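A quick note: this is a predicted structure, and the numbers were derived from the prediction, not measured.
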Amino acid sequence: MHVADSLSVEAPAWVPIHTTRLTLRPYEPTDASAFFHLIQENRARLEHAFPARVAAVRTLEDGLRVIKLFQQDWQARRLFVLGIWHTTTGEYLGDISLKPTWSQPATAELGYYLAATAQGHGYAREALTAAVQFGFGAAINAGRLDIRCYADNYRSHAVAKHVGFRPLPTRPRLWPLRQTEPEIRYFAFARSEAQDAATRPYSLSA
């Protein structure tokens with residue numbers, strides 16, 4: 001299988017993505033305070049699904065360091081992390097990322113979270129739709145996008161299905177003795193299954 005050299009391709013432009021209500025953009029060092037405080041205020045509910053992120057951001061200085069790592073990852077095309085802001089109010093709402101695998105055809109796994117106060121307004125669907133278009137667009141040109149989440153995270157299941165992801169058959173556990181570990185559900189969105197709206201340019205501004 002041919003594996004693309006991700007370092008030989010220019011990183012995507014460092015520009016915001018605008019949807020009807022949201023602005024998605026790469027983090028800047030000036031975002032460190034908002035980034036840290038959202039994690040701090042939602043630490044208990046985020047650490048189950050995002051343990052590495054929560055463990056890495058314990059202080060404001062950690063937040064700044066992690067943002068600088070995000071910038072390096074973006075330039076190297078290892079990971080594309082976008083903060084989510086409400087365009088009108090400027091409120092920082094959460095985070096969405098795409099981790100590509102450059103084997104051809106390329107794929108990318110998406111992960112996202114919102115502040116507890118931002119849930120229930122359709123922001124996750126709006127941000128995920130934009131991220132899907134980013135993933136299928138020139139930045140990654142993915143043949144398939146993937147999401148995995150815990151089996152009891154019904155809110156994320158609904159968001160994924162609404163945007164166009166389809167649930168995959170449950171994978172059997174390789175280690176029967178690990179029955180106490182949380183079960184994972186997998187969702188996929190293939191380019192061939194995408195509707196026209198998911199492959200148009202990813203600026204969704206009205």
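Remark: side-chain polar atoms of T87 are paired, donor with acceptor, to backbone N or O of T23 under 3.5 angstrom. Put simply, the side chain of R77 gets close to the backbone of A139: a donor and an acceptor are under 3.5 Å apart. Between the T101 side chain and the S103 main chain, no donor and acceptor come within less than 3.5 Å of each other. Distance alone, capped at 3.5 Å, is enough to place a donor-acceptor pair between the H86 side chain and the T88 backbone.
Shortest non-hydrogen contact noted between P100 and L98 is CD-O, 3.4 Å. Closest heavy-atom contact between L24 and A130: CD2-CB, 4.2 Å. The nearest pair of heavy atoms linking W74 to A13 is CZ2-O, 3.8 Å. Here the closest non-hydrogen pair linking N141 and A106 is O-CB, 4.4 Å. The minimum heavy-atom distance between F134 and P12, with the atom names listed, is CZ-CG, 4.2 Å. Taking both residues in full, the closest heavy atoms of F189 and V163 are given as CE1-O, 3.6 Å, listed atom of the first, atom of the second, then distance.
Residues passing the side chain to side chain donor-acceptor pair (under 3.5 Å) test with R45 are N42, sequence neighbours excluded. By the side chain to side chain contact (heavy atoms under 4.5 Å, CB included) test, H162 pairs with R125, sequence neighbours left out. With sequence neighbours excluded, the residues forming a side chain to side chain contact (heavy atoms under 4.5 Å, CB included) with D73 are R78, L79, listed by chain and number. Here L64 pairs with P29, A32, K68 under the side chain to side chain contact (heavy atoms under 4.5 Å, CB included) rule; sequence neighbours left out.
Applying the salt bridge (Lys or Arg N to Asp or Glu O under 4.0 Å) test to pairs two or more places apart or on separate chains, those with a residue in residues 14-26 are R21-E126, R25-D31. Among residues at least two apart or in separate chains, salt bridge (Lys or Arg N to Asp or Glu O under 4.0 Å) pairs with a member in residues 145-157 are E109-R148, R144-D146.
Put simply, the side chain of L22 reaches to within 4.5 Å of the side chain of T19, judged on heavy atoms. Between W102 and I140 there is a side-chain heavy-atom pair separated by less than 4.5 Å. Considering only heavy atoms from C-beta on, S97 stays 4.5 Å or farther from F80 through its side chain. A 4.5 Å side-chain heavy-atom check between I184 and Y150 finds at least one atom pair inside the cut-off. Residues K161 and F187 form a side-chain contact, since some pair of their non-hydrogen atoms from C-beta on lies under 4.5 Å apart. D95 places none of its side-chain heavy atoms less than 4.5 Å from the side chain of F50. Considering only heavy atoms from C-beta on, L128 comes within 4.5 Å of I147 through its side chain. Side-chain contact between L82 and P26 is present, with heavy atoms from C-beta onward closer than 4.5 Å.
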* To do: Go through E193 and R191 one step at a time and tell me if the salt bridge (Lys or Arg N to Asp or Glu O under 4.0 Å) criterion holds.
  => CA-CA 5 Å; E193 298 172 337; R191 175 186 290 276; over 6 Å; no
* To do: Take R53 and I39 through the side-chain contact (heavy atoms from CB on, under 4.5 Å) test and state the conclusion after the steps.
  => CA-CA 9 Å; R53 174 74 62 86; I39 292 177; 3.9 Å; yes
* Go through the steps to decide whether I84 and Y123 satisfy the test side-chain contact (heavy atoms from CB on, under 4.5 Å), and finish with yes or no. => CA-CA 9 Å; I84 305 168; Y123 297 144; 5.7 Å; no
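Note that the CG atom of L114 and the OG atom of S156 stand 9.0 Å from one another [nearest 0.5 Å]. One finds the OH atom of Y27 at 13.5 Å from the CG atom of L69 (value rounded to the nearest 0.5 Å). For the atom pair CG of L60 and CZ of F35, the computed distance is 11.0 Å after rounding to the nearest 0.5 Å. Remark: Q40 CD to D62 CG distance equals 10.5 Å, nearest 0.5 Å. How far OH of Y186 is from CZ of R166: 15.0 Å, rounded to the nearest 0.5 Å. Atom CG of L38 is separated from atom CG of L46 by 7.0 Å, given to the nearest 0.5 angstrom.
Note on Y113: it does not cluster hydrophobically with V132, by side-chain heavy-atom contacts below 4.5 Å among ILVMFWY residues. Taken together through direct or relayed side-chain contacts under 4.5 Å among Ile, Leu, Val, Met, Phe, Trp and Tyr, I17 and F70 form parts of separate hydrophobic clusters. Residue L110 is not grouped with residue Y154 when hydrophobic side chains (ILVMFWY) are merged at heavy-atom distances under 4.5 angstrom, including chains of intermediate members.
Between Y92 and W85, the angle of the ring planes lies from 30° to 60°, which puts this pair in the tilted group.
Between E183 and R185, at least one side-chain nitrogen of the basic residue sits less than 4.0 Å from a carboxylate oxygen of the acidic one, meeting the salt-bridge criterion.
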